[in-house]
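Labels below follow one simple rule: chain letters A, B, ... track the order of the sequence lines, proteins then strands, and each chain is numbered from 1.
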Amino acid sequence: MATQLDKTNLLNAYRTMKQIREFEERVHVEFATGDIPGFVHLYAGEEAVATGVCMHLNQRDKIASTHRGHGHCIAKGVDIDAMMAEIYGKRTGSCGGKGGSMHIADISKGMMGANGIVGAGPPLICGAALAAKFKGDQGVGVAFFGDGASNQGTTFESLNLSMVWKLPVLFGAENNGYAESTGVKFNVPTANISDRAAGFGMPGITVDGNDFFAVYEAAGEAIKRARAGGGPTLLECKTNRFFGHFEGDAMTYRAKGEVKDLRERCDALKIFSTQVTSRGLLSQEEMTTIDSEVKAAIDKAVALAKAAPNPTAADLLTDVYIAY
Amino acid sequence: MATQLDKTNLLNAYRTMKQIREFEERVHVEFATGDIPGFVHLYAGEEAVATGVCMHLNQRDKIASTHRGHGHCIAKGVDIDAMMAEIYGKRTGSCGGKGGSMHIADISKGMMGANGIVGAGPPLICGAALAAKFKGDQGVGVAFFGDGASNQGTTFESLNLSMVWKLPVLFGAENNGYAESTGVKFNVPTANISDRAAGFGMPGITVDGNDFFAVYEAAGEAIKRARAGGGPTLLECKTNRFFGHFEGDAMTYRAKGEVKDLRERCDALKIFSTQVTSRGLLSQEEMTTIDSEVKAAIDKAVALAKAAPNPTAADLLTDVYIAY
Amino acid sequence: MARKLSFKDAINEAIAQEMERDQSVIVMGEDNVGGAGSPGEMDAWGGVLGVTKGLYPKFGERVMDTPISESAFIGAAIGAASCGMRPIAELMFVDFMGVCFDQIYNQAAKFRYMFGGKAETPVVIRTMIGGGFRAAAQHSQCLYPIFTHIPGLKCVIPSGPYEAKGLLIQAIRDNDPVIFFEHKAMYALKAEVPEEPYALPFGEAKLLRSGEQVTIVAFGLMVQRALQAAEALANNGIDCEVVDPRTTSPLDETTILQSVAKTGRLVVVDEAYPRCGMAADISALVAQKGFESLQAPVIMVTPPHVPPPFNGALEDLYMPDSARIEAAVQSIVK
Amino acid sequence: MARKLSFKDAINEAIAQEMERDQSVIVMGEDNVGGAGSPGEMDAWGGVLGVTKGLYPKFGERVMDTPISESAFIGAAIGAASCGMRPIAELMFVDFMGVCFDQIYNQAAKFRYMFGGKAETPVVIRTMIGGGFRAAAQHSQCLYPIFTHIPGLKCVIPSGPYEAKGLLIQAIRDNDPVIFFEHKAMYALKAEVPEEPYALPFGEAKLLRSGEQVTIVAFGLMVQRALQAAEALANNGIDCEVVDPRTTSPLDETTILQSVAKTGRLVVVDEAYPRCGMAADISALVAQKGFESLQAPVIMVTPPHVPPPFNGALEDLYMPDSARIEAAVQSIVK
Ligand SMILES: Cc1ncc(C[n+]2csc(CCOP(=O)(O)OP(=O)(O)O)c2C)c(N)n1
Ligand SMILES: Cc1ncc(C[n+]2csc(CCOP(=O)(O)OP(=O)(O)O)c2C)c(N)n1
Ligand SMILES: [Mg+2]
Ligand SMILES: [Mg+2]
């Protein structure tokens with residue numbers, strides 16, 4: 001482990017991952033009660049990716065996210081009370097209840113939005129990176145996208161455009177093996193999604209997306225290069241989702257016992273804990289303390305969300321234009 | 001020259017290339033008189049590509065073409081009288097005067113249409129190949145597209161889809177160095193467009209597109225593999241266009257003397273002539289005879305086109321639907 | 001014909017029956033089988049809401065999963081159609097048209113005209129429309145006015161299971177490109193549906209209720225709401241005629257104009273955006289060709305010029321409901 | 001202000017002046033410089049018809065060529081806009097919207113609403129529309145009704161050089177996404193254009209001719225033809241009012257309704273397809289909100305429900321001309 005993360009950072013990494021996990025496990029439970037409307041896609045299992053990447057970013061940096069956006073939001077510092085309220089459709093939500101799970105955004109934090117359109121993020125992040133280039137502020141853009149999204153024309157075009165314009169972009173491919181019910185083995189004819197980078201003259205690398213440190217290091221290198229004007233990188237993180245494609249998915253396309261097995265063998269939080277405790281970097285207690293803090297925070301977020309008011313009828317008509 | 005083309009085929013190859021060249025040189029001249037309406041993109045200089053590929057095809061096989069489609073049409077056996085009449089917008093044209101240069105098609109010949117939308121052909125040809133697969137008729141589909149079109153999302157998606165569905169497709173990339181005024185060096189960050197194939201697990205190969213035999217052999221192998229169920233290939237042919245992007249283009253983005261030089265050094269017809277005469281496969285006279293036959297045929301096509309009637313007012317409203 | 005079928009099952013049955021009848025009918029779409037390349041069961045999904053489930057076990061390779069590459073596979077469906085197949089491609093949500101629209105309106109729609117009548121493109125594109133799912137702005141749109149705008153496309157909006165089966169069978173047999181819009185909030189709706197295959201002709205509106213005072217033209221899910229409103233209005237002594245055009249292109253102008261000629265009043269109810277939308281289209285038709293019989297302003301009942309909101313209370317306000325339809329009718333009969 | 005400028009040069013000047021004023025304005029599009037990666041001159045094209053020519057020598061890297069990847073670069077313009085830039089992206093022909101429409105209507109148009117008012121996307125997308133070039137079905141469309149359909153977009157159709165400059169400056173300064181439709185047949189048209197920068201407000205129609213008997217509403221190139229028709233009709237003693245809405249979204253309903261209130265008659269002239277088009281939109285507006293003053297059927301003068309044909313004689317028949325406008329007016333005043 002070549003990484004030189006100090007204790008604060010290690011605790012932060014753990015806290016972020018735990019927050020994502022707890023947030024998602026809780027949304028899963030609450031969704032089942034029928035209180036949460038719409039389509040909800042959970043990020044549980046993929047925590048190391050968002051966390052390992054976003055720890056290199058500051059507020060000047062931008063990320064573009066996907067339909068499975070809660071983890072990216074949390075890792076980029078979006079307020080979890082506002083997120084939870086948004087998922088409940090409440091007026092206090094990040095988007096005033098108008099967006100919901102699929103559209104949580106906080107541009108002030110550099111989070112340019114979850115997105116209901118597969119492959120919509122990569123073009124947008126090219127623009128964010130272009131803006132950074134014009135501003136000369138060393139900012140970078142990260143587009144997260146799935147294995148399924150890696151087949152969308154918009155994604156390919158963006159890989160190319162980012163090379164043509166030499167943009168400071170990290171393409172973060174989250175290969176969780178599935179696009180809805182369809183396996184990556186069907187959709188992607190190469191062993192790795194990162195194999196596509198070479199066709200654009202771009203560095204491409206694949207890491208174990210359940211290993212926070214592997215993601216952290218590879219992302220760090222790519223982001224450093226991007227900031228220095230060295231252009232984009234395609235980083236594929238192989239990971240797993242612990243829930244269905246969306247809440248309500250019976251997952252009959254998955255192998256029997258698959259998720260249980262993954263939760264045992266490939267849990268990013270467990271792997272992290274083992275790594276840091278075995279090396280004496282963090283203690284189990286330190287993490288247990290975080291666990292209960294996180295749990296309390298999520299409890300509070302849910303309670304606040306449930307108690308929060310709905311948008312008013314007048315809200316229906318506002319926020320379409322700045323001026324019309 | 002490993003190719004085993006017999007004399008008839010060699011004469012056919014020459015005739016096709018000559019027909020394309022003569023057709024385009026003549027359209028260039030006629031366009032300048034103001035008689036030909038609309039946008040016209042000439043294929044002169046790229047004859048070896050369409051010819052070398054299409055000589056492997058029969059009527060059951062399909063091609064999808066581009067805005068620069070005359071050469072593909074001729075190579076696929078579309079009637080040149082009907083083509084010329086279409087370019088003039090006449091009722092006797094391949095499309096009754098409703099399509100023009102950018103939309104010449106003859107589905108009965110397996111020519112699925114020139115296309116005004118860059119990158120529209122590759123998806124369509126995947127469908128043609130899929131149909132062939134269902135019919136089990138060993139048919140193949142060829143999508144021609146330019147270096148510029150190689151950056152369109154539709155093209156990338158099609159490369160991938162053809163692998164996922166293992167379709168009998170040949171992607172014929174015609175790299176003539178320019179997309180309108182923009183150079184391939186700007187648009188395509190790798191040395192070869194064929195470098196993109198690997199990212200889809202597809203064979204990719206680059207040949208000298210001015211060398212008929214090089215194209216013919218590489219295409220032959222790929223098409224044979226496709227017919228046998230071996231899936232798609234990306235074949236890049238490096239070639240040159242002898243005219244502007246479209247008629248009326250002043251070409252100030254090209255080097256001084258560039259076209260003149262290309263016409264001297266890289267003329268597919270000259271190269272072919274040298275190859276076949278030096279090897280004693282065809283005589284100069286045989287080709288000169290073809291030259292005059294072709295010239296007469298083009299003269300006739302132009303005369304017929306000029307004399308042909310316009311569509312009638314009633315034609316405006318027909319052919320939108322089969323039944324409405 | 002006492003058998004009841006859901007809207008979803010009616011669609012599934014139409015496809016299955018046509019696939020049995022005609023080998024050239026094939027099905028493709030994201031997760032339309034469900035499970036390709038995955039370790040578990042095949043036919044796991046049958047499309048995101050299960051409409052094509054059960055077709056793969058019956059028809060095998062003629063039902064295909066696709067990568068998330070709408071331009072490529074919708075384009076492939078169109079290309080295959082012009083080579084003799086009859087593909088039924090699923091564009092999961094109509095909201096996704098933006099990544100593949102070129103293949104639909106510049107290719108499929110125009111081949112026949114551009115090629116001087118020498119092309120046939122018998123493709124069907126099935127796609128989900130509409131609100132009520134709390135699915136927010138990118139999964140709740142209607143957008144069929146955009147397709148209706150395009151010459152060369154046929155546009156079908158079934159308002160119930162009976163229409164769904166008959167219109168889909170017609171769509172599959174039709175030799176022109178057809179876009180088939182399925183309102184996702186209707187999938188569970190049941191009604192009597194004949195078992196044998198039948199085709200409902202395009203361009204023939206259905207008169208769902210006869211009335212003397214006001215003509216209500218409504219599309220898709222709004223047909224139900226128009227009927228509810230008409231019922232309620234009848235109890236108040238207001239007699240409405242309800243017309244379901246069933247296809248927006250071709251449009252049965254005659255039935256609409258005849259109805260307005262009788263009633264002299266028109267309310268158009270549509271869930272699509274109002275500007276350049278279906279409600280405007282029908283209103284304009286009547287303002288031009290039925291003006292002499294119009295006795296009152298035409299009223300359009302649509303959502304506001306606003307994207308669909310996520311919050312349920314807002315979405316309910318957003319979508320036209322029977323109360324708004326009633327109010328619209330009352331505003332022109334009083 | 002005696003200086004005359006072509007439509008094309010007016011657009012170029014608007015961009016140049018705004019780029020001088022505001023560093024955040026950048027320009028991107030295929031061949032918008034012309035010559036990148038090529039051995040000859042830079043600034044060789046300035047876009048396919050030369051509209052942006054001369055900007056690169058003045059502004060250098062702020063004017064960018066792009067690959068043929070409309071989704072990526074239009075999306076990048078939108079992304080950059082939401083990060084503080086003011087990009088002007090060129091979608092060469094509006095006919096190409098089909099390969100990149102998602103970024104426009106699901107992203108740019110919806111950010112502000114979906115994100116609860118917390119996004120600003122000051123992007124301008126310039127695009128060429130219209131017929132008359134013998135450019136056939138994939139290079140002659142108008143399609144602005146499709147953009148007008150979408151809440152969240154603003155749509156501008158300048159009818160001449162003066163409007164082009166003032167409306168484009170407004171578009172660039174505007175904080176919402178604006179689609180700017182340039183009729184390619186007008187690029188050479190000259191008119192007086194002030195040298196200093198000026199912004200024309202959106203949602204304010206221009207009354208081009210006052211009249212008492214019939215209101216003619218027309219868009220873009222059709223404004224000229226409507227004026228010609230009005231002139232000819234005046235010689236026949238028919239007094240028309242001609243209104244150019246200039247922006248279809250927002251739409252100046254008031255001016256249109258006031259005009260019809262005065263004249264009692266409406267002819268709408270539009271070059272876009274008729275179904276769910278602008279002509280229908282304006283007709284429906286008046287049928288709903290101006291019905292009381294209407295004394296005759298509304299007449300829509302548009303192309304037929306047919307793709308644009310290639311042949312010049314057919315295309316001339318296809319596009320509305322002043323003779324058809326005159327006939328339409330006459331049909332409702334007699
Ligand atoms: C353009 C578009 N096509 C299809 C969909 C429907 N859809 C939503 S998520 C999804 C699967 C995405 O798979 P992947 O990119 O691997 O992300 P994951 O869900 O695994 O995180 C699909 C097909 C969509 N939202 N947008
Ligand atoms: C989707 C789309 N974008 C842009 C254009 C405009 N356009 C027509 S041809 C062309 C250049 C194509 O370059 P290439 O693919 O290399 O083909 P070539 O002209 O060199 O044969 C462009 C940009 C178009 N027709 N369609
Ligand atoms: Mg995935
Ligand atoms: Mg080229």
Would you mind telling me which of Ile78(C), Asp65(C), Leu153(C), Ile68(C) has the largest number of heavy-atom pairs within less than 4.5 Å of chain B? Leu153(C)

Considering only heavy atoms and a distance below 4.5 Å, find which of Thr247(C), Thr121(C), Asp176(C) pairs most often with chain B. Asp176(C)

Between CZ on residue Arg112(C) and NZ on residue Lys98(B), distance to nearest 0.5 Å: 9.0 Å

Can you tell which part of Asp174(C) gets under 4.5 Å to a heavy atom of chain B, answering side chain, backbone, both or neither? neither

Portion of Asn175(C) that has a non-hydrogen atom of chain B nearer than 4.5 angstrom: both

Closer than 3.5 angstrom, by distance alone: can the side chain of Tyr321(B) be matched with the main-chain N or O of Pro151(C) as a donor-acceptor pair? no

Does any non-hydrogen side-chain atom of Glu120(C) lie less than 4.5 Å from one of Ile107(B)? no

Contact between Met112(B) and Phe111(C) at the side-chain level, heavy atoms closer than 4.5 Å - yes or no? no

Check each atom of Phe202(C) against the heavy atoms of chain B and say whether the ones under 4.5 Å are side chain, backbone, both or neither. neither

How close do Ser71(C) and Pro123(B) get, counting heavy atoms only, and between which atoms? O-CB, 3.5 Å

Supply the atom-to-atom distance Gln103(C) CD to Leu124(B) CG, rounded to the nearest 0.5 angstrom. 4.5 Å

What is the minimum heavy-atom distance between Ile26(C) and Leu130(B), and which atoms define it? CD1-CD2, 3.9 Å

Between Ala76(C) and Trp165(B), which heavy-atom pair has the shortest distance, and what is it? CB-CZ3, 4.1 Å

Against chain C, work out which of Ala105(B), Gly93(B), Ser108(B), Gly141(B) has the most heavy-atom pairs shorter than 4.5 Å and name it. Ala105(B)

Measure the shortest side-chain to side-chain distance between Pro67(C) and Leu161(B) over non-hydrogen atoms and say whether it is less than 4.5 angstrom. yes

Which answer fits Thr318(B), side chain, backbone, both or neither, if we ask what part of it has an atom under 4.5 Å from a heavy atom of chain C? backbone

Got more than 12 heavy atoms from elsewhere within 6.0 Å of NZ, Lys109(B)? yes

Considering non-hydrogen atoms only, spot the tightest contact between Leu316(B) and Tyr113(C) and give its length. O-OH, 2.7 Å

Region of Val164(B) in contact with chain C, defined by heavy-atom distances below 4.5 Å: side chain

Using a cut-off of under 4.5 Å on heavy-atom pairs, state which of Ala128(B), Gly96(B), Gly121(B) scores highest against chain C. Ala128(B)

Provide the closest heavy-atom pair for Met114(C) versus Cys95(B) in the form atom of the first, atom of the second, distance. O-CB, 3.0 Å

What pair of heavy atoms forms the shortest contact from Asp102(C) to Ala120(B), and how long is it? OD2-CB, 4.0 Å

For residues Phe73(C) and Glu157(B), determine if any side-chain heavy atom of one lies less than 4.5 Å from a side-chain heavy atom of the other. no

Is it the side chain or the backbone of Lys154(C) that comes within 4.5 Å of chain B heavy atoms, both, or neither? both

Best-contacting candidate, Gly119(B), Ser94(B), Gly116(B), Gly113(B), against chain C by heavy atom pairs under 4.5 angstrom: Ser94(B)

Taking every non-hydrogen pair under 4.5 Å, which of Ser249(C), Pro87(C), Pro250(C) racks up the most with chain B? Pro250(C)

Closer than 3.5 angstrom, by distance alone: can the side chain of Lys62(B) be matched with the main-chain N or O of Gly79(C) as a donor-acceptor pair? no

Do Lys118(C) and Asp319(B) have side chains that get closer than 4.5 Å, going by heavy atoms? no

Contacting region of Asp315(B) [heavy-atom separation from chain C under 4.5 Å]: backbone

